[in-house]
Amino acid sequence: MPKHPTAAKRIIHNVSFLTLGRIATAICSFAYIAFAVRALGLAQFGLLILIHSLGIMASTFSRMQSWQTFIRYGNEPYARRDLALLRQILGFCIRLDMLSAVVAIAIGVISVAFYSHVAHWTPWVTTLAYGYALICPFMYTGWSNGVLRLTDRFHLVPISDTCTAIFRTAGTALGFVLHLKLGFFVLVWAGAVLMDYGLFLYFALTTLHQKIGLRLHPRDVFGQWRWQLPGMWAFTRSTSINQTLGAVSGHISTLVVGSLLGSAEAAVFRICRQIADGIVTPAQMLSPVLYPELVKMRDRQDWSGLKRITWKIFFMLCAVSVALLLVAAFFGGRIFSLMLHIHLHGTTYYISIMLVSAVLTLLVVPLEPLLTVMGQIGYLMANRTWITLAYFPVLYGLTSVWSLKGACYATVFSSLAMFITRLWRAIICSLRPTQHAGVIGGGGVAKDTAREASSVSPPDTAPDRILKQPVDEEVPIKALT
């Protein structure tokens, strides 16, 4: 009998933990955004958001999804306590993050140089942006996040989120009371990033030691640069491009709006998007929880259970989405005014439009893990690439014509295209015979699916693959990150 009921219970349990952290973060975000806006003014607060968006965009562009690689290849060695293989996989994922860090700094510095010129920033604001770009490598908790997800230590994630949110709230409150300027608030945002990274690193290392008795050594990371399992690079590259394009579009859209309409309008656009994302946050917590469970079911060859639990979650989210749209329609503007202590005409309409986009993105949440474990990574990457490339010209054109309304319309267009194409592909794959589910249309990964499905022991003689740096979070959405 399929074990998906047990998996469903674990999913609900872990989502509950993550939701608690997001609730604490949301409560704190109301406070620290209000403090920051009242201390800086909307225009200066918009500059803070743009500086942060440049930093997170650089981090997002450089990210290889090492957490997915770790779960994909580490699930079976972890289950059978093969510490030697698990140590090698972990070293590979840490090297991915190190390469990502180097590229993040380079992209961050180049982005600041370009955008500061386009936006006509003052030398002081540009200097702050350059400094913030140096913490880009610490915005991604890749391999450590993967460790917590694989070992079911989801309860540690809300602890980190809450500590970071409290730190940011306390810092902005201090800045408000003492009437401090933009530089101090950039420092607080940077400190929150470093705290979050440090907590995840500590939790991951202690979990490895306490739960499975694994201690990492420098030679595990630096001594095996040529090691890999079959298909590892292809899987990492495809998942990274897909996730990166999905996450980075939000930050780039904020920068586009800021360059066209100004920092104040960029702040309104970003906060409306954040409120919409915040409303659907509890349901979005399914994504990091669902993927490890589907990998376990795939390793058991429980294809019918895998499909069944995915579609149950999808239809549940459809029902939830209707309620969320009603919340935005009646309370969106009030949430905005409470958050920023500013009443602006049309915010309810903007938030409602952005929530439509967020709901469409939400409905994709159970579809992407399903398509990933069924070997559709090549399709996900190509689909995301084409839609993202179409999004930015549409965003630019509609924003130029209809201002903030146009930016919101373009965002909905992108989310709708993503939802329709991925839903169609998921339906097609679910109707196909289950014995072929893992080998259809997977591009480079599909060729190695038969070997990868059992996470075979490391072939030291495997031919080297050329590293191609992929172009996202994502990780779960955090306030202003």
Side-chain angles (χ1 to χ4, degrees), residues 6-7 9-29 59 63 65-72 74-75 77-79 81 83 86-87 89-91 93-94 96-97 135 137-170 191-216 243 278 281-296 365 369 472-481:
T6 302
K9 291 180 181 178
R10 284 199 301 270
I11 290 171
I12 295 173
H13 182 262
N14 291 329
V15 167
S16 300
F17 276 124
L18 295 180
T19 301
L20 289 175
R22 288 300 180 267
I23 291 174
T25 301
I27 293 173
C28 289
S29 69
S59 172
R63 290 176 186 176
Q65 295 297 309
S66 56
W67 74 269
Q68 289 201 45
T69 302
F70 183 66
I71 292 174
R72 173 69 178 83
N75 176 62
Y78 171 72
R81 292 300 188 268
L83 297 188
L86 198 61
R87 191 188 302 273
I89 295 171
L90 195 56
C93 294
I94 294 175
L96 290 179
D97 286 352
I135 69 161
F138 304 101
M139 293 179 177
Y140 182 51
T141 56
W143 70 269
S144 53
N145 217 323
V147 168
L148 298 184
R149 294 175 183 183
L150 181 63
T151 58
D152 266 338
R153 307 282 281 187
F154 284 90
H155 66 281
L156 296 177
V157 176
I159 294 176
S160 176
D161 291 347
T162 303
C163 291
T164 303
I166 291 174
F167 173 85
R168 189 173 287 174
T169 303
V193 171
L194 295 175
M195 172 179 282
D196 186 62
Y197 184 86
L199 287 172
F200 267 96
L201 182 63
Y202 171 76
F203 290 150
L205 292 176
T206 53
T207 296
L208 288 172
H209 175 60
Q210 295 174 359
K211 195 155 186 177
I212 58 178
L214 191 153
R215 285 184 180 273
L216 280 175
Q243 294 295 322
T281 287
Q284 284 175 332
M285 295 302 98
L286 281 167
S287 184
V289 174
L290 184 60
Y291 180 68
E293 293 297 335
L294 294 186
V295 169
K296 294 174 184 176
V365 165
D472 184 275
E473 87 193 294
E474 235 88 31
V475 278
I477 298 175
K478 299 182 181 179
L480 285 181
T481 58

Practice problem: Apply side-chain contact (heavy atoms from CB on, under 4.5 Å) to the pair L156 and F200, showing each step before the final yes or no. | Solution: CA-CA 8 Å; L156 296 177; F200 267 96; over 6 Å; no
Measuring from atom [atom1] of [X] to atom [atom2] of [Y], what distance do you get when rounded to the nearest 0.5 angstrom?
X    : Y    : atom1 : atom2 : result
F70  : Q65  : CZ    : CD    : 15.0 Å
S144 : R149 : OG    : CZ    : 9.5 Å
R63  : T141 : CZ    : OG1   : 8.0 Å
L83  : R215 : CG    : CZ    : 13.0 Å
N75  : I89  : CG    : CD1   : 10.0 Å
Y197 : I135 : OH    : CD1   : 12.5 Å

Quiz item: With a cut-off of 6.0 Å (strictly less than), are more than 12 heavy atoms of other residues, nucleotides or ligands near CZ of R81?
Solution: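 Yes, enclosed.
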Practice problem: Can you sort out the partners of L205 under side-chain contact (heavy atoms from CB on, under 4.5 Å), two or more places apart, ordered by chain and number? | Solution: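 Partners of L205 by the side-chain contact (heavy atoms from CB on, under 4.5 Å) criterion, ordered by chain and then number, come out as W143, L201, L216.
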Self-check item: Listed partners of T164 passing side-chain contact (heavy atoms from CB on, under 4.5 Å), at least two apart
Solution: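 In terms of side-chain contact (heavy atoms from CB on, under 4.5 Å), with neighbours along the sequence ignored, T164 is linked to S160, A192, M195, D196.
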Any side-chain heavy atom of [X] within less than 4.5 Å of one from [Y]?
X    : Y    : value
R153 : F203 : no
L199 : I159 : no
T151 : I212 : no

Quiz item: If you look at every heavy atom in L86 and G74, which pair is closest and at what distance?
Solution: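 Scanning both residues, the minimum pair turns out to be CD1-O, 3.7 Å.
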Exercise. Apply the side-chain contact (heavy atoms from CB on, under 4.5 Å) test between I71 and each candidate in N145, L150, V147; give the one that qualifies.
Key: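 It is L150, the one option of N145, L150, V147 that forms the side-chain contact (heavy atoms from CB on, under 4.5 Å) with I71.
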Quiz item: Just one of I94, D97, L90 clears the side-chain contact (heavy atoms from CB on, under 4.5 Å) bar with S66, so which one?
Solution: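 Answer after filtering I94, D97, L90: D97.
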Practice problem: List for me each residue that meets side chain to side chain donor-acceptor pair (under 3.5 Å) alongside R87, sequence neighbours excluded, and say none if there are none. | Solution: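 Partners of R87 under the side chain to side chain donor-acceptor pair (under 3.5 Å) test: D220.
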